[in-house]
Amino acid sequence: MKISLFSVRRAAPCVLAVGLLGCGGDANDDRASADRGRDETRSIRATEKIGYSGDAIADKLDSALDANDSRAADLDRRMQEADAQ
């Protein structure tokens with residue numbers, strides 16, 4: 001079977017385009033991970049890329065920080081009520 005130079009010239013740009021599109025990767029993974037959680041834990045979430053379970057650790061830390069904030073707000077409210085009496 002003889003391949004003509006004309007068919008190779010037509011096929012080469014198509015192969016090149018498919019190759020370039022295949023190298024694009026999925027940029028949404030970084031954005032989805034960065035959009036979740038508090039500012040304090042975004043760097044912890046980035047450890048997913050090096051093999052740690054950064055999302056799980058950051059979720060637990062977010063929960064602990066939220067509980068701490070809730071407790072501090074409750075204590076502030078109680079102190080204000082005590083001062084008002």
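The residues of the chain are indexed from 1 along the displayed sequence.
- A search for side chain to side chain contact (heavy atoms under 4.5 Å, CB included) contacts involving Ile50 returns Thr47, Tyr52, not counting sequence neighbours.
- A donor-acceptor pair is defined here as one N or O able to donate and one able to accept, closer than 3.5 Å; such a pair exists between the side chain of Ser63 and the backbone of Asp59.
- Scored by the side chain to side chain contact (heavy atoms under 4.5 Å, CB included) test, Asp74 finds Arg71, Arg77, Arg78 as partners (sequence neighbours excluded).
- Residues that satisfy the side-chain hydrogen bond (donor to acceptor under 3.5 Å, both in side chains) test with Asp39, not counting sequence neighbours, are Arg42.
- The hydrophobic cluster containing Met79, built from Ile/Leu/Val/Met/Phe/Trp/Tyr side-chain heavy atoms closer than 4.5 Å, comprises no other residue.
- Considering only residues two or more places apart in sequence or on other chains, Ser53 meets the side chain to side chain contact (heavy atoms under 4.5 Å, CB included) condition with Glu48, Ala56, Ile57.
- Side-chain contact between Glu40 and Asp62 is absent, with no heavy-atom pair separated by less than 4.5 Å.
- Partners of Ser43 by side chain to side chain contact (heavy atoms under 4.5 Å, CB included), not counting sequence neighbours: none found.
- Looking only at side-chain heavy atoms (C-beta outward), Arg38 and Leu61 stay at 4.5 Å or farther from each other.
- Listed by chain and number, the hydrophobic cluster partners of Leu75 come to none, as no ILVMFWY side chain reaches under 4.5 Å of it.
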